[in-house]
Structures are given as C-alpha cells and as structure tokens.
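What follows is a single structure, written as structure tokens, with notes after it.
For ligands, and for the atoms within them, numbers begin at 1 and follow the listed sequence. Along the sequence shown, residues are numbered consecutively beginning with 1.
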Amino acid sequence: MHLPEAAAGARILGIGSVQPEQIVTNADLEKRVATDDAWIRSRVGIAERRIADAETSLPDMAIEAGKAALKDAGFDPAELDAVLVATCTMPNPIPNAAAQVATRLGAGGVAAFDLNAACAGFCYALGVAADMIRAGSARHVLVIGAEKLSDWIDWDDRSTCIIFADAAGAALVGPATVDAEVGVGPVSWGSDGDNFTLIRVLPETTNKLHQEGQAVFRWATTAVAPIALDAIARAGLTPADVDVLIPHQANLRIVEAIAKKLRRHGAREDMVVADDIVHSGNTSSASIPMALDHMRAAGRVRSGDVVLLVGFGAGLSYAGQVVVCP
Ligand code: UT7
C-alpha cells in the first residue's frame with residue numbers, strides 16, 4: 001500500500017461569480033403580492049435581486065462562475081482534478097450538475113459531484129476540496145456554489161418570494177506546499193436533523209420552498225456565531241485577526257447579529273461585514289463566494305485579508321472556515 005504525496009494544505013487561487021441580468025425590485029414584487037419596499041428593507045435588508053430567465057439553467061450559471069474563477073487565477077481547466085458543485089436547486093436530482101459543468105468547462109473526465117448542504121453548501125464543498133488536496137487525492141479543485149431558486153419559489157407566497165434569488169459563485173482551490181502558504185483553515189461543520197422541517201420543499205402540496213421564518217431566524221441568530229468562533233479557533237487565530245466577515249446572506253439582520261456577537265468576543269470594530277444581500281437577495285450556496293467576489297471588486301477585501309466564511313440553512317446544516325483572500 002502506498003499513499004500519494006500530501007500537501008501542507010490548500011489555498012484559494014481565484015474567485016468569480018455570475019448573476020442573471022434581470023433585476024427584480026421590491027416595487028416589482030409589490031405588484032404581485034401584498035408587501036412593500038419599507039417592510040422588505042427593514043425586515044430582510046433586500047432592495048433588489050436577480051432572477052434568471054427560463055433559458056438559463058443552473059449548470060449554465062455554474063459554468064460562467066467557474067470560468068471567471070479560472071480566469072482570475074490564470075488557470076487552464078485541462079489541469080483541474082475535480083469539480084464540486086454545491087447546490088440544492090437542480091430541477092431534477094439525476095443527473096448531477098458537476099459532470100456536465102466539468103465537461104463544458106474543458107475539464108471532461110475529472111472527478112465531479114454535487115453536494116447538497118443548502119445554504120451551507122459552499123463552505124461544506126470548500127472543506128471537502130481542501131481535505132482532498134491535503135490528502136493528495138486532488139491538486140486543483142474547482143468549487144462552485146450555484147442556485148436557481150426561482151424554479152422552487154411560490155411567487156404568490158410573500159414570505160419567501162421576496163427573499164430568494166439566482167446566482168453562482170466559484171473558487172479555484174489548489175495546494176499550499178508549506179504551512180505559511182495555507183489559505184483555507186480547518187472547517188467547523190455540523191447539522192441539526194431534528195429541525196429538518198424548518199426549511200423544505202413541500203412535495204405533498206405546492207412542491208415549492210417553505211420556511212418557518214421566525215424559527216430559522218432564532219436559530220441563525222443564536223447558533224451561527226459559536227460555529228464562526230470555532231472556525232477561528234481551529235485556524236489558530238483569534239476574533240481580532242479577522243479582517244472580513246462573510247456570513248451566508250440570508251437576512252441583513254442575521255448578518256448584523258452575527259457580527260455583533262463576534263465583536264463581543266473580540267472581533268474588531270473595523271472588521272468589514274458583507275452586505276451583498278442588499279442587491280443580490282438570498283442566493284443560498286452562491287451567496288458566500290459571490291459576496292467575496294463582489295467585495296474584492298469593490299476594494300472592500302484585499303488580497304491577503306483574513307476572511308471568515310460561515311454558511312447555514314436547510315437540513316439544518318452549517319459550516320464555516322477562515323480563508324485568505326487571493
Ligand atoms: O437561507 C436559509 C436560511 N434562512 C434564513 O435564515 C431566514 C430566516 N428568517 C428570516 O429572515 C425572517 O424570519 C423572514 C424574513 C423570513 C421574515 O421576517 P420576520 O421579521 O420574522 O417576519 P414574520 O414572519 O414574523 O412576520 C411578521 C409579519 C406577519 O404579519 P402578522 O401576522 O404580524 O400580521 C407576516 O404575515 O409580517 C408579515 N409578512 C409580510 N409583510 C409584508 C410576512 N412577509 C411579508 C412581506 N411583506 N413580504
């Protein structure tokens with residue numbers, strides 16, 4: 001028996017994201033359901049979101065985000081070893097998205113699989129990719145979070161149609177040969193299957209997404225900060241070391257509550273906190289890599305910054321890790 005050569009760890013080499021062109025504003029939704037701009041902004045923090053047209057598939061968005069991450073890293077797709085697509089919104093469970101995404105990207109034949117941990121999916125997939133690289137079963141892995149939530153929304157349900165949106169975000173992950181280069185920290189992850197009914201598609205009635213908003217809100221504002229603190233500790237850091245906080249963009253009030261708790265544990269007042277939800281809505285597994293991409297483009301995150309990622313959602317499932325921005 002012989003094991004392949006392992007790496008010291010993994011690091012992110014490039015990032016990218018894509019959103020559909022069509023913008024749906026709160027005023028647009030007021031025409032369809034009994035809601036208003038002020039309620040949505042104050043309760044959720046969303047001003048507008050992007051919704052894909054019928055011709056644009058989930059794999060289409062995944063490919064565009066993947067291409068952008070490869071371009072950012074200047075990396076040839078033929079050199080990839082694996083493609084992971086984190087998603088919970090494929091129109092059908094068979095086949096997966098990842099195999100066609102890999103082939104259409106020019107990486108046909110590589111290991112390719114989907115991973116469903118809902119809104120925690122990107123952090124789960126990044127954890128798996130980093131461990132694959134560390135163990136020596138892959139050297140370069142493309143991790144994509146892609147969702148077409150609009151297919152699963154009841155557009156007459158005001159409690160969900162104002163929240164969710166479509167997008168894809170991606171990161172190219174590669175080996176770090178020495179400890180000083182490691183740029184993806186150990187993942188802190190887990191689940192709470194007792195609460196599987198809180199966010200789910202209802203096959204027996206609408207076949208659309210339903211969530212118990214208040215219960216999920218309470219869980220997210222209490223359970224997520226300890227996961228984030230655990231991810232910091234596992235990386236051998238303290239909250240004061242975190243330059244940028246990117247929680248899953250579920251609700252701006254949840255994001256602010258997590259930031260407040262971290263500051264109570266020593267995070268800096270000048271820690272930059274993601275607010276990508278304002279113009280993107282809740283895009284589940286795409287929200288974290290897309291926020292990182294948008295914030296870097298806007299100059300709010302710089303290369304070398306210590307960035308704390310934490311995802312949480314249906315399952316219930318959660319995961320977080322510290323990364324270094326490429
Ligand atoms: O991404 C996966 C993880 N998901 C989350 O983290 C979501 C967590 N939950 C939330 O973000 C929030 O619970 C929601 C945004 C879903 C809802 O906000 P809320 O402040 O918890 O509102 P609520 O459900 O307590 O509803 C308050 C009121 C209700 O009216 P009554 O019963 O008090 O008369 C709702 O019917 O607001 C009403 N309402 C609305 N009003 C205007 C619910 N949706 C709307 C709406 N526009 N779109």
Side-chain angles (χ1 to χ4, degrees), residues 24-49 86-89 116-124 145-167 169 190-193 195-202 208-225 227-228 245-259 261 274-278 280-291 309-320:
V24 175
T25 65
N26 294 343
D28 293 330
L29 293 173
E30 283 174 13
K31 291 176 198 146
R32 174 126 193 189
V33 291
T35 190
D36 60 84
D37 179 56
W39 191 96
I40 300 172
R41 283 177 194 260
S42 65
R43 294 290 186 115
V44 203
I46 298 174
E48 60 187 23
R49 72 284 291 141
T87 186
C88 60
T89 53
N116 180 350
C119 306
F122 180 79
C123 292
Y124 260 82
E147 305 286 2
K148 195 176 180 193
L149 281 142
S150 57
D151 281 348
W152 296 94
I153 299 297
D154 175 352
W155 288 97
D156 294 318
D157 177 358
R158 68 177 181 173
S159 70
T160 50
C161 75
I162 57 144
I163 296 173
F164 295 104
D166 303 331
S191 62
D192 173 9
N195 283 310
F196 79 96
T197 57
L198 293 187
I199 313 171
R200 61 186 178 130
V201 168
L202 296 175
K208 298 292 180 190
L209 191 68
H210 168 81
Q211 74 168 342
E212 304 289 334
Q214 282 192 10
V216 179
F217 188 93
R218 276 195 301 277
W219 170 71
T221 50
T222 51
V224 176
I227 299 154
L245 169 65
I246 307 185
H248 163 51
Q249 301 288 289
N251 180 322
L252 200 55
R253 289 190 294 145
I254 296 174
V255 169
E256 285 163 358
I258 296 167
K261 288 199 173 173
D275 58 2
D276 200 56
I277 189 171
V278 177
S280 301
N282 176 340
T283 58
S284 190
S285 71
S287 86
I288 289 175
M290 181 166 67
L309 315 178
V310 60
F312 52 91
L316 300 171
S317 299
Y318 48 85

When rounded to the nearest 0.5 angstrom, what is the spacing between OG1 in T197 and CG in L316?
8.5 Å
Taking only heavy atoms of C119 into account, list the atoms of ligand 1 that are under 4.0 Å away from them.
1 (O), 2 (C)
As an exercise, state the distance from CD1 of I277 to CZ of R253, rounded to the nearest 0.5 Å.
11.0 Å
Is it true that I163 lies under 4.0 Å from ligand 1, counting heavy atoms only?
yes
Does any N or O atom in G213 lie less than 3.5 angstrom from one in ligand 1, N or O only?
yes
Output the list of atoms in ligand 1 that are nearer than 4.0 Å to some heavy atom of T35, sorted by atom number.
42 (C), 46 (C), 47 (N), 48 (N)
Protein non-hydrogen atom found under 4.0 Å from atom 29 (C) of ligand 1:
no
Indicate whether atom 44 (N) of ligand 1 is within a distance of less than 4.0 angstrom of some protein heavy atom.
yes
Among N282, T25, N26, side chain to side chain donor-acceptor pair (under 3.5 Å) partner for R49:
N26
Any non-hydrogen protein atom below 4.0 Å of atom 32 (O) of ligand 1?
no
Do me a favour and list the nearest non-hydrogen protein atom to atom 1 (O) of ligand 1 with residue, atom name and distance?
N282 ND2, 2.7 Å
Looking only at distances, can you tell me whether any N or O atom of S159, backbone or side chain, sits closer than 3.5 Å to an N or O atom of ligand 1?
no
For T87, the side-chain contact (heavy atoms from CB on, under 4.5 Å) test, sequence neighbours excluded, returns L58, V85, T89, M90, D114, E147
Partners of I227 by side-chain contact (heavy atoms from CB on, under 4.5 Å), sequence neighbours excluded?
S188, V310, Y318
Tell me which one of D154, I199, I163 satisfies side-chain contact (heavy atoms from CB on, under 4.5 Å) with L209.
I199
Does K148 use its side chain to pair, donor to acceptor, with the backbone of A167 at less than 3.5 Å?
no
Just to confirm my output: which protein heavy-atom neighbour is closest to atom 38 (C) of ligand 1, and how far is it?
R158 NH2, 3.5 Å
Which residue supplies the protein heavy atom nearest to atom 22 (O) of ligand 1, what is that atom called, and how far is it?
R43 NH1, 3.3 Å
If you count the atoms of ligand 1 from 1 in the order shown, which ones are under 4.0 Å from a heavy atom of Q211?
4 (N), 5 (C), 7 (C), 16 (C)
Spacing of CD belonging to E30 relative to CH2 belonging to W39, to within rounding of 0.5 Å:
12.5 Å
Among V216, T221, L316, I277, whose heavy atom sits nearest atom 3 (C) of ligand 1?
V216
Part of W39 within contact of ligand 1 (heavy atoms, under 4.0 Å)
side chain
Where S285 and F122 come nearest, the two heavy atoms and their spacing
O-CB, 3.4 Å
I'd like to check which ligand 1 atoms, numbered from 1 as shown, lie under 4.0 Å from a non-hydrogen atom of V44.
15 (C)
So if I count the atoms of ligand 1 from 1 in the order they appear, which ones are less than 4.0 Å from some heavy atom of Q214?
13 (O), 21 (O), 23 (P), 25 (O)
Interfacing atoms of ligand 1 (cut-off 4.0 Å, heavy-atom, A250):
1 (O), 5 (C), 6 (O)
With the side chain counted from C-beta on, respond yes when K208 and L202 share a heavy-atom pair under 4.5 Å apart, and no when they do not.
no
Give the minimum heavy-atom separation between Y124 and S317, together with the two atoms involved.
CE1-CB, 4.2 Å
I want to confirm something. Looking only at heavy atoms, which of V255, N251, I254 is nearest to atom 6 (O) of ligand 1?
I254
